[in-house]
Amino acid sequence: MSSPRKATLVMSSFIVGLLVGAGFKVLYELSNFKPYTWTEPPIIANCYGPEFSKLQMTRAIDYWTVRGYALGKYMHEPPVDICKREWTSGYIILRKSFALPPSTLASTRRYTIVASMQSAVIRYQPGSYNLDLLNEHELGHALGFTHLEIEDHIMHPSFNKMGKNFKVP
C-alpha cells in the first residue's frame, strides 16, 4: 500500500473512531438523568464579578446540600489565576457572558472524563443570576444532572415551567 493511501486510511479510521465515540457520549448523556459525578465536592468560584449575589449563590448551594449533594466552599473573590483559565479541575466557575443567545439566561458546560466531572463553567446573561431558581438549576447541571420535562421540576429546560421540586426519576 502506498504511503499517501496508508495515511488517508489511518486518518479516516481516526475520524470515524472519534465520531463513534462522540456519538456514544451523546447517547449516554441522553439516556441518563445524572450521567456524571464529582469525585470530590467542587469549589464554586465567582469569576462573574463583585455584583454577583452571595445570597443567591448561598441559597442555591443550600438547595442542593439539603438534598444530599456535596459542594465545596464558595469563593466570592477567587484568586485571579482561576478566573484567567477557561476551566480549572475541581471547580465550578461562574462567568458573565455577552455571547449567549438572547433567549438563553444561562448555560453550563461540563468538562468530563468518562463519567467523572472534572470542572464546570456556568455562563450567565448579565443580571440573570438574580432570577429565582436559575442558580439552583445551573448548579444542577454542574452537579451532573440533565434536563427533565416535568413541570415544576428544578431541571425543567424552560424557565417559566421550572419549580422548586426535585426528584430523581
Side-chain angles (χ1 to χ4, degrees), residues 25-26 29 32-168:
K25 183 176 181 186
V26 168
E29 288 178 2
N32 290 287
F33 177 55
K34 190 173 191 310
Y36 303 108
T37 57
W38 290 86
T39 54
E40 296 289 325
I43 297 167
I44 302 169
N46 170 25
C47 296
Y48 182 101
E51 68 268 29
F52 197 96
S53 171
K54 285 182 191 180
L55 180 61
Q56 291 278 13
M57 186 49 63
T58 300
R59 188 182 75 194
I61 292 167
D62 288 347
Y63 177 91
W64 289 107
T65 303
V66 165
R67 286 158 180 80
Y69 296 93
L71 290 160
K73 65 180 178 177
Y74 171 63
M75 298 170 64
H76 193 68
E77 296 177 14
V80 176
D81 62 316
I82 290 171
C83 294
K84 283 184 179 179
R85 297 183 219 139
E86 173 57 28
W87 64 276
T88 300
S89 187
Y91 283 81
I92 297 171
I93 298 176
L94 314 175
R95 296 190 185 283
K96 186 185 300 185
S97 177
F98 296 98
L100 292 173
S103 62
T104 303
L105 298 172
S107 178
T108 300
R109 178 163 183 204
R110 298 180 286 227
Y111 295 87
T112 62
I113 295 177
V114 188
S116 176
M117 292 285 291
Q118 301 300 305
S119 182
V121 177
I122 303 173
R123 297 184 187 287
Y124 295 89
Q125 287 281 9
S128 68
Y129 65 85
N130 279 319
L131 295 171
D132 281 344
L133 302 178
L134 186 62
N135 292 313
E136 290 84 343
H137 176 88
E138 295 304 326
L139 275 184
H141 287 309
L143 285 169
F145 293 104
T146 59
H147 283 139
L148 194 59
E149 295 266 351
I150 297 175
E151 205 157 317
D152 293 325
H153 196 282
I154 195 68
M155 295 312 297
H156 195 287
S158 174
F159 180 74
N160 296 331
K161 294 181 180 182
M162 192 185 306
K164 291 184 179 181
N165 297 324
F166 177 77
K167 191 174 179 182
V168 175

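This structure is a prediction, so every number in the text was calculated from the model and none was measured. No hydrogens, no waters, no symmetry mates; every other heavy atom, side chains included, goes into these values.
Under a cut-off of 6.0 angstrom, the local environment of CZ in R109 is sparse, with at most 12 non-hydrogen atoms contributed by other residues, nucleotides or ligands. Within a 6.0 Å radius of CD in E77, other residues, nucleotides and ligands contribute 12 heavy atoms or fewer. The local environment of CD in E40 is sparse, with at most 12 non-hydrogen atoms from other residues, nucleotides or ligands closer than 6.0 Å.
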Does V80 form a side chain to side chain contact (heavy atoms under 4.5 Å, CB included) with K84? I'd like the steps, not just the answer. CA-CA 6 Å; V80 176; K84 283 184 179 179; 3.6 Å; yes

Given N160 and M162, is the side chain to side chain contact (heavy atoms under 4.5 Å, CB included) satisfied, shown in steps? CA-CA 6 Å; N160 296 331; M162 192 185 306; over 6 Å; no

Evaluation steps, side chain to side chain contact (heavy atoms under 4.5 Å, CB included), between S53 and L55: CA-CA 5 Å; S53 171; L55 180 61; 3.7 Å; yes

Using the side chain to side chain contact (heavy atoms under 4.5 Å, CB included) rule, take N135 and I61 through it: C-alpha gap first, then chi angles, then the decisive distance, then the call. CA-CA 9 Å; N135 292 313; I61 292 167; over 6 Å; no

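Taking all atoms of both residues into account, the shortest heavy-atom contact from M75 to P79 is CE-CD, 3.0 Å. Closest of all the heavy-atom pairs between P50 and H76 is O-NE2, 3.5 Å. For the pair Y91 and A45, the tightest heavy-atom approach, listed with the atom from each and the gap, is CD2-CB, 4.0 Å. Considering every non-hydrogen atom in both T108 and A120, the closest pair reads CG2-CB, 4.3 Å.
With respect to K161 and E149, no salt bridge is recorded, no charged nitrogen being found less than 4.0 Å from a carboxylate O. Ion pairing between R59 and E136 holds under the 4.0 Å rule for side-chain N and carboxylate O. With respect to the salt-bridge test (charged N to carboxylate O, under 4.0 angstrom), the residues E138 and R95 do not qualify.
The backbone N or O of A99 sits less than 3.5 Å from a side-chain atom of S97, completing a donor-acceptor pair. In terms of modelled atom types and a separation under 3.5 Å, the side chain of H153 and the main chain of K167 share a donor-acceptor contact. A donor-acceptor pair under 3.5 Å is formed between the side chain of Q125 and the backbone N or O of P101. Side-chain N or O atoms of W87 include none that pairs as donor or acceptor with a backbone N or O of Q118 at under 3.5 Å. A donor-acceptor pair under 3.5 Å links the side-chain atoms of R110 to the main chain of F145, judged by distance alone.
Applying the ring pair (Phe, Tyr, Trp, His ring centres under 6.0 Å) rule to Y63 yields no partners; only residues at least two apart in sequence or on another chain are considered.
Taken to the nearest 0.5 Å, the CZ atom of F52 stands 8.0 Å off from the CG atom of N130. Residue K164 holds its NZ atom at 6.5 Å from CG of L133, rounded to the nearest 0.5 Å. Note that CG of L94 is 9.0 Å distant from SG of C83, once rounded to the nearest 0.5 Å. Atom CG of D81 and atom CZ of R85 lie 5.0 Å apart (nearest 0.5 Å). If you take CG on L134 and CZ on F159, they are separated by 6.0 Å, rounding to the nearest 0.5 Å. Rounded to the nearest 0.5 angstrom, M57 CE and D62 CG are separated by 11.5 Å.
No side-chain heavy atom of N165 sits under 4.5 Å from any side-chain heavy atom of I150. Residues I92 and S119 fail the side-chain proximity criterion, which asks for heavy atoms closer than 4.5 Å. Between Y74 and K54, the closest side-chain pair of non-hydrogen atoms falls below 4.5 Å. Side-chain contact between S89 and Y111 is absent, with no heavy atoms from C-beta onward closer than 4.5 Å.
Residues F98 and Y124 keep their aromatic ring centres 6.0 Å or farther apart.
Of the residues N46, I82, I44, I122, the one that meets the side-chain contact (heavy atoms from CB on, under 4.5 Å) test with I93 is I82.
A donor atom on one side chain and an acceptor atom on the other are not found under 3.5 Å apart for T58 and Q56.
Ring geometry, H141 versus H147: the interplanar angle exceeds 60°, so the pair is classed perpendicular (tilted spans 30 to 60°).
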